[in-house]
Student: 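The structure follows.
Numbers here are sequence positions counted from 1.
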Amino acid sequence: SLSYTQRLRGEVLSLIAAYGGFYGVIELLRGVVDAYQTLEGAQARLNVAVGNDFEKSAKEMDFVRRTADRLGIELGVLATEYSKFAIATKDTNLEGAATRKIFVSVAEAARVNRSSVTEMSGVFTALTQIVSKGAVQMEELRQQLGDRLPGALKIMADGLGVTTGELVKLMENGQIGAEALIPFAEELERRFGPGLAESLQGVTTALGRLKNAAFQALVTFGRGGFIDSFGDLANTLTDVLQSAKFEEFAERASAAMGKLLDVIGFVAENFELFTAAAAGFLGLKLTPLIIAIATKMGTLASAAAGAA
């Protein structure tokens with residue numbers, strides 16, 4: 001039979017396995033919700049970007065999916081950044097094909113550079129700000145873009161056919177509009193295009209595609225009925241939390257907790273008194289035992305003396 005230690009070890013391992021399994025399920029369901037919300041938000045922004053033409057916005061999302069799979073870049077990140085960029089270019093000279101061209105050129109350059117997800121998001125944020133302002137400024141080009149895309153200033157200058165010094169002066173005078181992102185994208189293609197094929201065969205790209213497959217699996221799971229049920233649960237919990245009965249319960253629980261804290265505070269303020277009382281109580285409990293032990297030892301000592 002198993003020893004006590006072995007049984008205890010088995011119980012502990014069982015508890016750990018149960019907790020790990022429960023935690024794993026919670027994390028999985030949270031991943032489903034996060035993935036669904038990410039794509040839902042991106043799709044909503046794309047709807048706005050194309051004037052609520054749902055067929056066209058679906059094609060835009062498909063374009064993002066295909067780009068993410070081809071480049072091995074996280075779909076959630078690309079969908080989020082492309083949808084924001086598309087809204088920024090709406091009703092400008094960069095709307096439509098130019099938006100896609102700039103987006104793809106930057107994404108491909110990021111893949112060749114093995115840029116992190118954070119770096120890539122920073123690049124697209126800078127591009128979105130440039131379009132929103134309608135002009136290329138030193139802050140976005142040298143700091144936000146330059147810190148995440150090496151040589152961004154030189155790339156822009158070469159794309160426009162000017163020196164970096166001339167580009168700086170033109171930006172200071174507000175003479176470089178957002179349309180400069182088109183030659184910037186073309187220069188990115190010239191510089192990083194030759195290395196794209198090799199980068200698409202790398203482990204980084206393969207892992208990115210695996211992440212996208214897992215991401216899409218979470219979205220598919222959510223659309224199978226989980227998200228609808230989760231939404232119903234959220235609505236039910238909202239109704240409960242806003243109900244008069246829960247408000248009454250919360251007030252009672254708060255009052256009870258307040259009293260408990262008052263007791264704890266009283267004990268803390270009178271810590272020495274409680275310590276003395278506890279010591280006295282312990283002394284009263286131990287006194288008979290001590291007397292009994294002393295009596296027994298005395299009897300044993302007397303018996304030993306008599307025998308001697």
Side-chain angles (χ1 to χ4, degrees), residues 45 49 63-64 67-68 70-90 92-200 202 204-205 208:
R45 288 188 291 272
F63 157 73
V64 176
T67 302
R70 179 173 65 89
L71 299 179
I73 297 174
E74 292 185 28
L75 173 59
V77 174
L78 279 190
T80 298
E81 299 304 334
Y82 179 73
S83 59
K84 292 178 180 179
F85 189 53
I87 286 182
T89 60
K90 180 177 172 58
T92 71
N93 294 333
L94 298 178
E95 184 178 8
T99 296
R100 285 193 176 194
K101 179 181 181 63
I102 296 168
F103 175 78
V104 170
S105 297
V106 172
E108 289 179 346
R111 169 47 67 223
V112 175
N113 280 329
R114 273 68 170 180
S115 299
S116 67
V117 170
T118 302
E119 290 172 335
M120 192 175 346
S121 295
V123 170
F124 282 117
T125 297
L127 296 179
T128 300
Q129 290 178 352
I130 288 173
V131 174
S132 298
K133 294 177 181 179
V136 180
Q137 297 180 351
M138 185 62 70
E139 178 185 357
E140 287 84 17
L141 189 58
R142 175 168 284 175
Q143 296 179 14
Q144 296 186 42
L145 276 177
D147 290 345
R148 299 169 177 84
L149 186 62
L153 183 65
K154 186 66 166 60
I155 293 171
M156 178 68 79
D158 290 347
L160 294 173
V162 298
T163 66
T164 54
E166 291 171 337
L167 176 60
V168 170
K169 290 181 180 179
L170 290 170
M171 286 190 293
E172 290 175 349
N173 294 328
Q175 295 177 275
I176 304 296
E179 292 79 7
L181 291 179
I182 296 178
F184 176 72
E186 293 171 346
E187 185 61 28
L188 284 175
E189 291 178 5
R190 283 191 289 269
R191 292 202 178 200
F192 298 103
L196 181 61
E198 180 183 355
S199 68
L200 295 183
T204 303
T205 302

Student: Please tell me if the side chains of N93 and I182 come closer than 4.5 Å, counting only heavy atoms from C-beta onward.
Tutor: no
Student: Looking at side-chain heavy atoms only, is the closest gap between M156 and V162 below 4.5 Å?
Tutor: no
Student: How far apart are the closest heavy atoms of P183 and G159, and which atoms are they?
Tutor: CB-O, 3.4 Å
Student: Quick test of your reading of the model: are R190 and D158 salt-bridged, counting only N-O distances below 4.0 Å?
Tutor: no
Student: Does K169, at its NZ atom, have more than 12 non-hydrogen atoms belonging to other residues, nucleotides or ligands within less than 6.0 Å?
Tutor: no
Student: Using side-chain heavy atoms (C-beta onward) and a distance below 4.5 Å, is L145 in contact with L127?
Tutor: yes
Student: Of all heavy-atom pairs between N113 and P150, which one has the smallest distance, and what is that distance?
Tutor: ND2-CD, 4.2 Å
Student: Heavy atoms, side chains only, cut-off 4.5 Å: are L167 and M171 in contact?
Tutor: yes
Student: Identify the two heavy atoms, one from E187 and one from I155, that lie closest to each other, and give their separation to 0.1 Å.
Tutor: CG-O, 3.4 Å
Student: Indicate the atoms forming the closest heavy-atom contact of K101 with E189, along with that distance.
Tutor: NZ-OE2, 3.4 Å
Student: I need the L181 CG to F85 CZ distance, nearest 0.5 Å.
Tutor: 6.0 Å
Student: Applying side-chain contact (heavy atoms from CB on, under 4.5 Å), run through M120 and L78 and close with a yes or a no.
Tutor: CA-CA 9 Å; M120 192 175 346; L78 279 190; 4.2 Å; yes
Student: In plain terms, say whether E81 and R45 are close enough for a salt bridge, that is, a side-chain N and a carboxylate O under 4.0 Å apart.
Tutor: no
Student: How long is the span from the NZ atom in K84 to the OG atom in S132, to the nearest 0.5 Å?
Tutor: 11.0 Å
Student: Give me the atom names and distance for the closest heavy-atom approach of T205 to R70.
Tutor: CG2-O, 4.3 Å
Student: Treating R111 as the side-chain partner and S199 as the backbone partner, does any N or O pair qualify as donor plus acceptor under 3.5 Å?
Tutor: no
Student: Any heavy-atom pair between the side chains of E119 and V123 that's under 4.5 Å?
Tutor: no
Student: Hey, would you say the F103 and F124 ring centroids sit under 6.0 Å apart?
Tutor: yes
Student: Taking atom CZ of F184 and atom CD1 of I176, what is their separation to the nearest 0.5 Å?
Tutor: 13.0 Å
Student: Walk me through it: do L149 and L188 pass the test side-chain contact (heavy atoms from CB on, under 4.5 Å)?
Tutor: CA-CA 10 Å; L149 186 62; L188 284 175; 3.9 Å; yes
Student: CD1/I102 to CD/E179 distance, rounded to the nearest 0.5 angstrom?
Tutor: 9.5 Å
Student: What I'd like to find out is whether the side chain of L160 reaches to under 4.5 Å of the side chain of L170, using heavy atoms alone.
Tutor: no
Student: Measure the shortest side-chain to side-chain distance between L196 and L71 over non-hydrogen atoms and say whether it is less than 4.5 angstrom.
Tutor: yes
Student: Which atoms form the tightest heavy-atom contact between A178 and L94, and what is the distance?
Tutor: O-CD1, 3.6 Å
